[in-house]
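For reference, the structure discussed in these notes is given below.
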Amino acid sequence: MQLSPLQSRLAASVIASFLVIVLYLFLFAPRFAVAADFGHIPSSLDSDGDFYDIDDTVGSFDALGPSYEPDFALFDRSIIGRAPDGTKPLDADRPTKGNISPGNTIGYVFEVASVSGRSAQWPETSYELRRSLVGPRASADDEEDDELSEDSVVVARQASKTLYISANTCDQPGRKSPDQTTMDPPQLTLFVSTSNDNTSPGPDKEQGAQKAIVFDEGAVMYNTSFDGDVYFSISAPNVSEDYFSASSLYNYEVAVSLSGYHHSYDTVTQPNLYWVDSDTSSALLTTRNLTSKPNQVISTPPYTVFVQNTKNLNINGIKKSYCGLTNWAQIRPLRDGSSQATMGLRQGGVSNLTMQEFYITGLNASTNYTGIVALNTNSTLQKRQQGGSGGGVVVFNPIDFNTKPSKYLLINYVGTMLTLVSDGACTFLFNLTLCTETRYAVPGNPDKFPNGTALAAFYDEYTQTMWDNFDKVLQQTPCQAPATQKYSLARGCDDCKQAYKNWLCSVAIPRCEDFSSPDQSYLQMRNINKPFPNGTLVDQGIRDAFGQMKAYNSSRNLEIDDKIEPGPYKEVLPCDYLCYELVKSCPASIGFACPLPGSRFSFNTSYAVPDTDKKLSCNYPGSAYYPSSATAMGVSWASMAVLVLMPLLLAS
Ligand SMILES: *[C@@H]1O[C@H](CO)[C@@H](O)[C@H](O)[C@H]1NC(C)=O
Ligand SMILES: *[C@@H]1O[C@H](CO)[C@@H](O)[C@H](O)[C@H]1NC(C)=O
Ligand SMILES: *[C@@H]1O[C@H](CO)[C@@H](O)[C@H](O)[C@H]1NC(C)=O
Ligand SMILES: *[C@@H]1O[C@H](CO)[C@@H](O)[C@H](O)[C@H]1NC(C)=O
Ligand SMILES: *[C@@H]1O[C@H](CO)[C@@H](O)[C@H](O)[C@H]1NC(C)=O
Ligand SMILES: *[C@@H]1O[C@H](CO)[C@@H](O)[C@H](O)[C@H]1NC(C)=O
Ligand SMILES: *[C@@H]1O[C@H](CO)[C@@H](O)[C@H](O)[C@H]1NC(C)=O
Ligand SMILES: *[C@@H]1O[C@H](CO)[C@@H](O)[C@H](O)[C@H]1NC(C)=O
């Protein structure tokens, strides 16, 4: 058919237009659907099924990117699938458990197709996608060129993502005998390959083509950037049948994520757990402040605590594994919700911040323990929207603590059974009425005060009497007077009251250490002429040397000796700055005075100088075994003490 020039130009332009439309539909039409579907994503995050359906539609979007993969909805994964047999696909943020027998390897693949377009999981990019898709294009269709380049930018940002692989060992082969202490069960190994040439990494493959990471105390964390599928495997070593029951399996949990490790352990920051004090059978542990302002509210205690007798080897090899500790730690939360650890939130301390406390009972006397705190932030929609790690577990560094020795065994002959009847003199005390910050072991006597309630009542009554007397005296000083008649412009009666309370609670309620604890400059022997509860006396040499001195042969307040009769003990001396602060804050007319450090003797038996190199160097409200120098809290306490102390030392 002959066409006139005009007709042929018309035909050409019709054909061109048609091609443009076809091209347009091919390239962009699916994305209108995407744009519409994106609106549903937040609600469909809850039900993962819907969400994955969307993935495939969005797959075409990646076709524009440099990391082109034929992941169209048309070709589903079963056609393209390259994963070798037996390799399990693992989706992001879906922790999976597995059993593995020694000497075997289990392979996994993280398919890049499983995340294409799961942009809602990456909040930053999701925002950009929405802007470029819904924003300009909906309003102006003729800016395609701009949008193309905009899209390329978006895709380019997606191209190099980081994959976080993490795993925890939940069970490991058991020891043949608990006495077998020479060897811990060997660790699992993670093998990772990002190359299609090595789709089943493992111990038998050439090491250059893969990365091998041995678990550390039952935990592994590895990240890699990826633009294709990532192959990895968990491999169990051969286990010596001489030492371990070879029939038993390893059990592990593995997870991949694009936003952070699902299983992590923290060896960099502080253990986040501190030992406050203990007596013969219980201990109090605390976290640092969980808040930074007094008015911040935390409703549920976030941490979990695990405690293990250091002689018990069950958690050796899995100390950084959350599920390992959950299965094997001696003291752990039980499935029925009970635990030997009672926990709660407490607001207090100098800054009036919230901390989480753990009161551990049922411990053995004179025993060393390890405490480990862990966090389980279950994955929630909220977390993801905030760009959080998508939930997971964090295990912190362990701390060591111990219990005090049992003072005496009263032996009951019931057949041949020996019964522990009485515990040591130092009894852990907390929950006092006036001295709310007092939470440590105090001189006690299990025969006269069989339970903490009765002992607390004694100290409460005693401190309350002292407080009432002080209050009467303070009322006679001109507190409410106009500024010109006040005793001090800088300090008021409230400062004086607070300083007196801090001093009174530290001085009237001695912090008790067992008499057997090694000598320290901050430990003062008390009551040494009295017999121990088992009837024996303190070493003759010590009694000859110090028995005549009041500071050694009695308690600081005689009522303790009269009413409690604790026997000999050692007192952790109060910090000197508590006294200086009292003298500075209260009217001189009340007549408080501190022993001068120059008068070395009475000073040494009454107060101790804070020492940042020691975990505990003197007693103050809220004292605990904070790591020397390193902690924020330890430092702030100590520097506060030095500030208070310096002017006085210089002046004297
Ligand atoms: C990723 O791994 C590298 C070394 O392999 C490491 O330096 C980096 O800290 C890791 N990133 C994260 C977030 O753990
Ligand atoms: C604890 O309190 C201090 C200030 O007293 C603050 O700087 C710190 O951030 C708080 N810790 C946490 C974990 O919020
Ligand atoms: C206490 O000691 C007994 C006997 O040695 C032991 O079986 C038990 O596990 C110990 N308990 C704790 C919590 O240390
Ligand atoms: C997270 O929470 C869901 C539902 O609330 C629960 O089924 C799942 O077991 C939890 N995961 C962990 C690790 O606690
Ligand atoms: C009595 O108790 C003291 C202090 O705990 C201890 O050193 C001593 O060995 C005990 N004596 C007897 C006979 O148990
Ligand atoms: C603390 O004492 C109050 C009453 O004085 C009591 O109701 C509460 O149960 C005590 N708390 C603990 C943990 O013992
Ligand atoms: C505590 O001891 C006192 C006697 O000192 C007794 O009256 C009281 O019932 C005891 N309380 C408990 C809970 O055992
Ligand atoms: C007091 O304690 C200091 C430091 O611990 C020591 O050097 C000094 O000798 C002691 N003085 C007396 C009299 O014990």
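Remember, it's 1-based here, ligands and their atoms both numbered in the order they're listed. Bear in mind that the values here come from a model prediction, so they are computed numbers and not experimental data. Atoms considered below: every heavy atom in the structure, side chains included; atoms not considered: hydrogens, waters and symmetry mates.
Residue contacts with ligand 1 do not include Tyr222, since none of its heavy atoms lies under 4.0 Å from the ligand.
Here the straight-line distance linking atom OG1 of Thr105 with atom NZ of Lys205 works out to 10.0 Å at 0.5 Å rounding. Once rounded to the nearest 0.5 Å, the distance linking CG of Asp277 with OG1 of Thr438 reads 11.5 Å.
Under a cutoff of 6.0 Å and an axis angle of 45°, Lys570 and Phe515 form a cation-pi pair.
Counting protein heavy atoms only, atom 14 (O) of ligand 3 is closest to Tyr369 OH, 2.7 Å. Nearest protein neighbour of atom 11 (N) of ligand 1, counting heavy atoms only, is Asn223 ND2, 2.7 Å. Scanning all protein heavy atoms for the shortest distance to atom 1 (C) of ligand 3 gives Asn364 ND2, 1.4 Å. For atom 13 (C) of ligand 1, the nearest protein heavy atom (residue, atom name, distance) is Tyr164 CE2, 3.7 Å. Ranking protein heavy atoms by distance to atom 9 (O) of ligand 3, first place goes to Gln330 NE2, 3.2 Å.
Remark: ligand 3 and Thr367 share no N or O pair separated by less than 3.5 Å (distance only, no angle test). Taking any N or O of Gln340, backbone or side chain, none lies under 3.5 Å from an N or O belonging to ligand 3.
Look at Glu357 and Arg439 and you find a salt bridge, because one of the NZ, NE, NH1 or NH2 atoms lies within 4.0 Å of a carboxylate O, short of that distance. Ion pairing between Lys319 and Asp216 fails under the 4.0 Å rule for side-chain N and carboxylate O. In this structure, Arg175 pairs ionically with Asp184, as a charged nitrogen and a carboxylate oxygen lie closer than 4.0 Å.
Near Asn309, meaning under 4.0 Å from any of its heavy atoms, are these atoms of ligand 3: 14 (O). Near Tyr261, meaning under 4.0 Å from one of its heavy atoms, ligand 1 places the atoms 12 (C), 14 (O).
Note that atom 5 (O) of ligand 3 has no protein non-hydrogen atoms nearby, at separations under 4.0 angstrom.
Using bins of under 30°, 30° to 60° and over 60° for the plane-to-plane angle, the ring pair Tyr164/Tyr261 lands in the perpendicular bin. Between Trp275 and Phe401, the ring-plane angle classifies as tilted under the 30° and 60° cut-offs.
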